[in-house]
Amino acid sequence: CPALPRTKFADVTAEMYPVGTRLHYECDNGYRRRGGQKPGIQCQSTQQVASWVYREFECIDDKILLSTAPMMKLNVTQKPERKTQSPAAQKQENLSEFDRKDFCGPPKTIPHASLILAKRYYVGQVLHFKCQSGYDKRFPTSGNRTCKKVNGKIIWTPLDMRCTNDS
């Protein structure tokens with residue numbers, strides 16, 4: 001897909017990611033990645049089921065010495081944890097057989113880490129935009145963009161929203 005046009009004052013999320021998508025985690029302020037670990041994950045199709053491939057990754061408190069920090073092990077492939085039934089979780093469970101082969105659901109939550117959305121997207125990617133708090137004075141305050149192939153050209157669908165705090 002072409003570079004995603006920047007949308008001022010909006011947060012971007014996704015519920016599904018096409019096979020081939022690469023994302024990475026970034027440790028929150030006050031935490032750092034344990035040495036030698038890789039923050040990247042990739043959506044891959046294995047035995048006709050799309051799932052995230054994780055590597056060992058942990059964010060540790062800057063105040064804790066490396067030798068005393070507890071270690072968190074992740075399986076090579078692991079489905080996202082779900083504590084409550086979110087709309088995204090419901091959507092993942094309702095995916096058609098085609099979608100389960102070609103799309104991964106939301107990635108696993110890692111303590112003290114944030115997921116950084118990819119800069120490279122694939123055809124079929126749907127991104128959800130929502131105005132940040134304080135920038136939602138005009139309706140609509142949320143919307144979607146989809147990467148599509150139209151007449152042989154790959155484009156992002158238009159976003160019919162604008163986030164502003166102007167009166």
Side-chain angles (χ1 to χ4, degrees), residues 1-33 37-45 50-55 57-59 74 77-96 98-150 153-167:
C1 297
L4 183 67
R6 189 176 184 308
T7 303
K8 286 185 175 186
F9 314 120
D11 293 321
V12 183
T13 60
E15 294 173 358
M16 298 187 327
Y17 299 85
V19 167
T21 299
R22 293 176 187 261
L23 301 175
H24 72 275
Y25 292 96
E26 187 173 88
C27 292
D28 297 335
N29 286 335
Y31 294 85
R32 61 187 151 123
R33 178 171 42 105
Q37 295 182 349
K38 307 278 189 218
I41 61 174
Q42 183 173 10
C43 178
Q44 293 182 348
S45 184
S51 61
W52 291 105
V53 175
Y54 295 88
R55 296 179 179 165
F57 181 77
E58 180 183 22
C59 292
L74 292 176
T77 59
Q78 188 169 352
K79 291 185 179 178
E81 289 180 356
R82 292 195 173 85
K83 294 180 181 155
T84 59
Q85 187 74 6
S86 70
Q90 182 68 34
K91 186 168 187 165
Q92 178 68 7
E93 290 172 8
N94 292 336
L95 291 177
S96 70
F98 169 79
D99 289 339
R100 282 192 297 264
K101 288 191 282 188
D102 298 315
F103 290 90
C104 289
K108 177 180 176 59
T109 301
I110 304 251
H112 314 295
S114 301
L115 231 150
I116 306 301
L117 283 179
K119 293 192 179 6
R120 177 185 288 172
Y121 297 101
Y122 297 86
V123 171
Q125 180 69 66
V126 178
L127 298 177
H128 308 283
F129 293 78
K130 185 174 183 190
C131 291
Q132 295 170 347
S133 179
Y135 294 95
D136 54 4
K137 302 292 184 195
R138 293 186 187 172
F139 187 80
T141 60
S142 64
N144 298 327
R145 288 190 102 137
T146 304
C147 182
K148 290 185 171 185
K149 191 170 192 175
V150 178
K153 186 176 180 183
I154 299 174
I155 60 152
W156 285 102
T157 57
L159 182 62
D160 188 19
M161 65 172 272
R162 185 172 167 210
C163 302
T164 180
N165 64 355
D166 296 339
S167 52

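- Pro18 pairs by the side chain to side chain contact (heavy atoms under 4.5 Å, CB included) definition with Thr21, Phe103, Tyr122, Gln125, not counting sequence neighbours.
- Judged as a side-chain hydrogen bond (donor to acceptor under 3.5 Å, both in side chains), and not counting sequence neighbours, Ser142 has no contacts.
- Of the possible donor and acceptor atoms, one in the side chain of Tyr54 sits under 3.5 Å from a partner among the backbone N and O of Lys108.
- Residues satisfying the side chain to side chain contact (heavy atoms under 4.5 Å, CB included) test with Leu159, not counting sequence neighbours, are Thr7, Phe129, Arg145, Met161.
- Going from atom CD1 of Ile155 over to atom NZ of Lys149 covers 12.5 Å, rounded to the nearest 0.5 Å.
- Under the side-chain hydrogen bond (donor to acceptor under 3.5 Å, both in side chains) criterion, Glu26 pairs with no residue at all, not counting sequence neighbours.
- Qualifying side chain to side chain contact (heavy atoms under 4.5 Å, CB included) partners for Lys38, counting only residues two or more places apart in sequence or in other chains: Arg55.
- For Asp11, the side chain to side chain contact (heavy atoms under 4.5 Å, CB included) partners are Gln132, not counting sequence neighbours.
- Ala50 and Cys104 get closest at one heavy-atom pair: C-SG, 3.8 Å.
- Across all their heavy atoms, Pro107 and Tyr25 have their closest contact at CB-OH, 3.8 Å.
- His128 places a side-chain heavy atom less than 4.5 Å from the side chain of Glu15.
- Rounded to the nearest 0.5 angstrom, Ile41 CD1 and Leu23 CG are separated by 5.0 Å.
- Side-chain polar atoms of Ser114 and Asp28 form a donor-acceptor pair below 3.5 angstrom.
- The distance from the CZ atom of Arg33 to the SG atom of Cys27 is 7.5 Å, given to the nearest 0.5 Å.
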> For Thr157 and Lys148, what are the C-alpha separation, side-chain angles and deciding distance, and is it a side-chain contact (heavy atoms from CB on, under 4.5 Å)?
Replying inline: CA-CA 7 Å; Thr157 57; Lys148 290 185 171 185; 3.8 Å; yes
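- Taken to the nearest 0.5 Å, the CG atom of Asn144 stands 11.5 Å off from the CG atom of Asp160.
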>> Is there a side-chain contact (heavy atoms from CB on, under 4.5 Å) between Tyr121 and Trp156? Walk through the geometry before answering.
In response: CA-CA 10 Å; Tyr121 297 101; Trp156 285 102; 3.6 Å; yes
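- The aromatic rings of Tyr31 and His112 sit parallel, their planes meeting at an angle under 30°, below the 60° perpendicular limit.
- In this structure, Val126 and Ala14 approach most closely via the heavy-atom pair O-CB, 3.7 Å.
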>> Applying side-chain contact (heavy atoms from CB on, under 4.5 Å) to Ile154 and Cys147, what does each step give before you reach the verdict?
In response: CA-CA 7 Å; Ile154 299 174; Cys147 182; 3.5 Å; yes
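- Atoms CG and OG1, on Leu127 and Thr146 in that order, are 8.0 Å from each other to the nearest 0.5 Å.
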